[in-house]
There are 2 protein chains.
Amino acid sequence: MAMKTLLEHPDVKAFVIHWGEMGTQWGVNRSVSQIHALLYLSDRPLPADEITEALGLARSNVSTALKELQGYAIVRRVHVEGDRRDHFVAETDLWEMLLRIAAERKRREIDPTIALLGELAERLRHDETAPKLVRERIGRMHEFISTLGNWYEQVRGLPKPTLVALMKLGGKVARFVSPLKGKAKS
Amino acid sequence: MAMKTLLEHPDVKAFVIHWGEMGTQWGVNRSVSQIHALLYLSDRPLPADEITEALGLARSNVSTALKELQGYAIVRRVHVEGDRRDHFVAETDLWEMLLRIAAERKRREIDPTIALLGELAERLRHDETAPKLVRERIGRMHEFISTLGNWYEQVRGLPKPTLVALMKLGGKVARFVSPLKGKAKS
DNA sequence: CATAAGTTTCTGTTTCTACCGAAACGTCTG
DNA sequence: CAGACGTTTCGGTAGAAACAGAAACTTATG
């Protein structure tokens with residue numbers, strides 16, 4: 001069994017384990033992250049059964065986790081010639097991976113938060129009874145998160161080579177904002 | 001009791017509750033986030049007892065949570081004239097808040113991950129037995145996260161007005177990388 | 001249609017984690 | 001030193017997830 005071989009390697013195992021722990025600390029369940037890690041390192045599409053066996057999880061659990069990963073669009077189902085079973089592969093472009101995870105978490109958690117803050121801010125604007133500071137701070141929070149959201153949507157649309165270039169620029173991008181700024185780190 | 005008044009307001013309560021839920025989804029415990037929300041909206045430094053009473057938490061729990069928030073450096077202890085008790089205030093500059101939370105999470109979770117990936121990548125580089133793809137992908141992951149980390153360290157050092165300006169630029173920063181890129185969104 | 005594959009749902013168990021409340025302890029201050 | 005304040009620790013509990021394993025069900029395929 002090819003997967004046995006893969007996970008038998010101590011470094012591969014260490015990676016999978018650590019990735020699983022990472023996930024839990026960011027609110028992603030362990031099975032999901034581990035399966036992702038496994039697929040990321042696999043040199044070929046894996047059927048669910050093999051994942052089940054390799055990680056020692058219940059088949060039902062693997063099914064759910066795969067669905068979740070496809071919800072993030074970082075794992076996709078592929079067809080393998082001569083095999084009726086579904087197989088799965090992970091996105092290996094790390095930029096793409098990061099952007100997709102971010103997109104999904106924004107959709108699930110940030111957008112609803114913005115919506116709620118919007119309601120609260122709007123209502124508070126007309127609410128004379130509310131403390132001035134409360135009105136101001138909830139308003140500022142709404143504005144802040146919205147701005148971040150908009151920024152993300154724009155950055156997400158940039159071509160990857162541009163992202164890479166911007167990243168490498170680091171703090172130096174500040175130069176373009178104001179000639180005087182951004183010199184501290186250059 | 002001033003805090004009673006504050007939390008009695010339905011919108012304030014909604015904010016605190018939602019902030020608490022948000023926290024849990026990102027791996028921060030509910031008490032910690034709720035206390036942070038409460039302090040963020042408060043117009044004055046609050047003593048631990050008042051927080052305890054307002055949120056209905058155990059005193060020990062509040063103490064631990066406050067310590068955690070101070071670990072993130074988004075809440076600090078202040079002295080109030082004529083009161084022996086410690087009082088606490090939250091950072092209200094949202095940029096500062098975000099950067100500090102990011103810094104601490106990086107320190108706790110990302111840095112150790114980079115360190116581990118570094119070890120694995122290094123060991124795998126000399127390990128002929130490991131599958132080529134595994135060596136390559138763990139190496140790339142290490143490089144990728146390291147790059148992100150370095151980028152963050154640089155951005156963190158920029159003055160806030162610069163950050164705000166960059167954020168407002170959005171996708172337009174791409175112009176500075178290559179004249180041809182970044183036009184899609186402009 | 002018989003079988004393989006896959007998903008979904010359910011029940012039950014286990015495991016975490018949050019949280020409470022009490023106690024012990026340290027520190028400061030009138 | 002007595003009392004106020006604060007932290008830390010500890011035992012216990014409750015709730016939430018994660019997960020296993022079985023079963024029901026759908027769908028595709030030879």
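Please read these numbers as outputs of a predicted model, since none were measured by experiment. The figures here come from the full heavy-atom set of this structure, side chains too, leaving out hydrogens, waters and symmetry mates. Sequence lines set the chain letters: A, B, ... in the order given, protein chains first and strands last, and positions in each chain run from 1.
Scanning both residues, B:A121 and B:G139, for their nearest heavy atoms gives CB-CA, 4.2 Å.
Atom CD in A:E68 sits roughly 15 Å away from atom C1' in D:dC19 (whole-Å rounding). Nucleotide D:dC19 holds its C1' atom 16 Å from the CD1 atom of A:I51, rounded to whole Å.
Annotation: B:E143, atom CD; neighbour count of heavy atoms from other residues, nucleotides and ligands within 6.0 Å does not exceed 12. Around atom CD of B:E68, more than 12 heavy atoms belonging to other residues, nucleotides or ligands sit under 6.0 Å away.
A cation-pi arrangement is present between B:R108 and B:Y72 under the rule of less than 6.0 angstrom and at most 45 degrees off the ring axis.
Under the 4.5 Å side-chain heavy-atom criterion for grouping Ile, Leu, Val, Met, Phe, Trp and Tyr, A:V80 is not connected to A:V62 through any hydrophobic cluster.
In the region residues 15-36 of chain A, proximity to DNA chain D at under 4.0 angstrom, judged on heavy atoms, holds for A:N29, A:R30, A:S31.
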Practice task
Please test A:R100 against A:E104 for salt bridge (Lys or Arg N to Asp or Glu O under 4.0 Å), starting from the C-alpha separation and ending with a verdict.
Solution key: CA-CA 6 Å; A:R100 290 182 188 178; A:E104 185 62 13; over 6 Å; no
Exercise. Stepwise, does the salt bridge (Lys or Arg N to Asp or Glu O under 4.0 Å) test hold for B:R125 with B:E122?
Worked result: CA-CA 5 Å; B:R125 196 170 302 132; B:E122 173 60 24; 2.6 Å; yes
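Judged by distance alone, with hydrogens and angles left aside, the side-chain atoms of A:R137 form a donor-acceptor pair with the main-chain N or O of B:S42 at under 3.5 Å.
The aromatic rings of B:F176 and A:F176 sit parallel, their planes meeting at an angle under 30°, below the 60° perpendicular limit.
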Quick tally for nucleotides 3-9 of chain C: nucleotides whose base has a protein heavy atom under 4.0 Å get B, sugar-phosphate-only ones S, the rest -, giving -BSSSBB
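Remark: of the listed residues B:E119, B:R135, B:E136, B:H142, B:R135 is the sole one forming a side-chain contact (heavy atoms from CB on, under 4.5 Å) with B:L124.
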Pairwise N/O distances under 3.5 Å, protein to nucleotides 13-15 of chain C:
none

